[in-house]
There are 2 protein chains.
Amino acid sequence: MATIKDVAKLAGVALSTASYAMSGDSKVSAKTREKVLEAARQLNYQKNGFAMDLKRSRTNTIALILTDLSGPYYSELIRSIQDVALSNSYDLIACSSMGGKDSTAVRFLLEKRVDGAIVLAHNITDEILQAAGSSRFPIVVMDRLIASEGLINVVVDGELGGYSATRYLIEKGHEHIAYISGPANSYDNALRYKGFQRAMQEAGLEEKTKWKLNGGFIREGGYKSTKMMLMQGELPSAVFYANDEMAVGGMKALEEGGISVPDEISVIGFDDIQLAEYIQPPLTTIRQPMYESGSLAGHLLFQMLNGDTVNDFYKLKIELVERQSVLPRK
Amino acid sequence: MATIKDVAKLAGVALSTASYAMSGDSKVSAKTREKVLEAARQLNYQKNGFAMDLKRSRTNTIALILTDLSGPYYSELIRSIQDVALSNSYDLIACSSMGGKDSTAVRFLLEKRVDGAIVLAHNITDEILQAAGSSRFPIVVMDRLIASEGLINVVVDGELGGYSATRYLIEKGHEHIAYISGPANSYDNALRYKGFQRAMQEAGLEEKTKWKLNGGFIREGGYKSTKMMLMQGELPSAVFYANDEMAVGGMKALEEGGISVPDEISVIGFDDIQLAEYIQPPLTTIRQPMYESGSLAGHLLFQMLNGDTVNDFYKLKIELVERQSVLPRK
DNA sequence: GTGAAAGCGCTAACAA
DNA sequence: TTGTTAGCGCTTTCAC
């Protein structure tokens, strides 16, 4: 691989002149620049990114860290952050936190291979985030509340979401409501559940433990826990799935069990994933403002990168999307 | 930010000893190592990734380059590559080629910020790929045929796919078939169209230019071109959308136009995206072996990284997924 | 087992 | 305008 040294030698100029010429510095004469560029072309020269970053100690890149790159849920979020990054002429890379402590994500965070990060990955521990974040390395955290230097929180009001979903069911006359939950350690799930409880208590409704099942936020989990609920005999009149993926799995289980949605049982989800609109019946759900929150996260990150001070906590509102999976109880 | 130098000083050892101690080299005594580790802890030391990469001239990272990170289509592909990377204990980052020449993707490729790449991004030009690829920087290209040192091709048999889809329609008795195409410059689209033409010619069927419309591979495009087709009056008995996204858009247009699928018009797609199964009616389509091709691409990349020689061309077979959007012509 | 020193490829301050 | 040179932070050879 040719280095800038080779280029300089071939062009018959000093190292620095070659460097200046290639970065378009105005102090090199047009003639010299052309000579250098020609030499670079001949040698098929490509600058070494690391050397540059090392020298500059800036990468012009931010990272988006997700639990699982292949998850289809985040596409709007990614898009919004991509837009912000692009308009700030920063590069964006996405990396997965699969692998926990040894993941790509953690290395990027700890070894400062980027200038800042947006994190939405519950398997990255608070300790790592706290160790990584600083005023010189801002991190926007979107999946939990955590306070530390350089960390700022952008979250969606999950409690209100859980409350609204439950309230909506109650207003439709439902009294027996099941809650299919996400993973026990999930902050998001905890919030949604808290909202669920608040609405239930407020309405003087009883929450049955046999109708609280764990679906781990995945489709398969929603399917299995619904099957289990079916086997228990008595059915609730409505089910609140703590996310849409589980609702999709659950509706499949219901269908297989010959239970019609929404005639015999009402279903509400959470997230408003793309599928929600297309599934049969279209799923009533709580929409998370993905684009907005991603956009906000991105803007905040760049403000911090520019040395501006910003608040360290932002909470976004949710919105109920009424479709056809909920019917008033007869 | 503390450097290894600070750590060494605090621990009272030489720079190199500190380095050895932290990388777990066996020649440092346990006592010295402990001293160093303690100092590192005190200083909250984190190694600088770039300096390491620069020195090592290896990054242990591969990149997956996609046109648009937010596209939901690739989730299986990403998953498979993620799996392979993880099992080779390599890091994987995903970056977008949005922004063309100035995109993150191009910088990563040209500046060798990773050890190798898998590319599925039609807006990266052949020239860039050819300039970037070499035996020391392998690239697996999945969206076109291109020969150059260090480049290997993994493609899906799009021509056969286009042929099979069309053939299937013809066997169901359809004679008037529209083709909604992808972007003009898309290699994938060209292939699918070629297959379409072959099947039509073979069957002695005439291809009408008014039934060849461009939908740009996006949902909106499928919607618009279908609207346009509707306005033209005469309808084909079947439509071959060159990808599922366009089919989704198209089916919406058809529904709005009061045309029933599949009773009045049959529809076939290409890709087998997740939605295909859930849309009404479920979409008959050509499945691309996403997981398999991603897995293959990953394995090949690592073989090249290990210095093995591999063939430079692989073609994977497609598969027709029969659902309910096609009916025999009455 | 430990330390001194070279150098990865680049940028930028300084000198000429 | 051009050239010389000092590092950026790290790994690794080589001498002790």
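A, B, ... follow the sequence lines: proteins, then strands. Residue 1 opens every chain. Keep in mind that this is a model prediction, so the values were computed, not measured.
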To the nearest angstrom, the NZ-P distance between Lys27(A) and dG3(D) comes to 13 Å
Taking five pairs at each terminus, the helix from dG1(C)-dC16(D) to dA16(C)-dT1(D) shows an axis bend, to 10°, of 40°
Rounded to whole Å, NZ of Lys31(B) lies from P of dG1(C) at a distance of 13 Å
In numerical order, the residues of residues 103-112 of chain A whose heavy atoms come under 4.0 Å of DNA chain C are none
State whether Arg144(B) and Asp188(B) are salt-bridged, where the test is any N-O pair (Lys NZ or Arg NE/NH1/NH2 against Asp/Glu carboxylate O) under 4.0 Å. no
Between the side chains of Glu149(B) and Ser135(B), does any donor sit under 3.5 Å from an acceptor?
yes
Original post:
Using the ring of each side chain (for Trp, its six-membered ring), is Phe50(A) parallel, tilted or perpendicular to Phe50(B), with breaks at 30° and 60°?
Top reply: tilted
_Taking 4.0 Å as the cut-off, does a side-chain nitrogen or oxygen of Thr32(B) come that near to OP1 or OP2 on dG1(C)?_
no
* Please check if any side-chain donor atom of Ser29(A) sits under 3.5 Å from a side-chain acceptor atom of Thr32(A), or the reverse. => yes
Once base and sugar-phosphate atoms are separated, protein heavy atoms under 4.0 Å mark nucleotides 5-12 of chain C, 5' to 3', with B, S and - as --BBBBBB
| Does Arg58(A) come within less than 4.0 Å of Asp53(A), counting only side-chain N to carboxylate O? | no
Any salt bridge between Arg79(A) and Glu76(A), counting N to O under 4.0 Å?
no
Contacts of Lys47(A) meeting side chain to side chain contact (heavy atoms under 4.5 Å, CB included) (sequence neighbours excluded), chain-then-number -> Tyr45(A), Met52(A), Glu111(B)
Here the pair of heavy atoms bringing Met142(A) nearest to Gly294(A) is CE-N, 4.2 Å
Sequence neighbours excluded, the answer for side chain to side chain contact (heavy atoms under 4.5 Å, CB included) partners of Thr67(A) is Ser97(A), Ala121(A), His122(A), Asn123(A)
Residues passing the side chain to side chain contact (heavy atoms under 4.5 Å, CB included) test with Val155(B), sequence neighbours excluded, are Leu145(B), Phe313(B), Lys315(B)
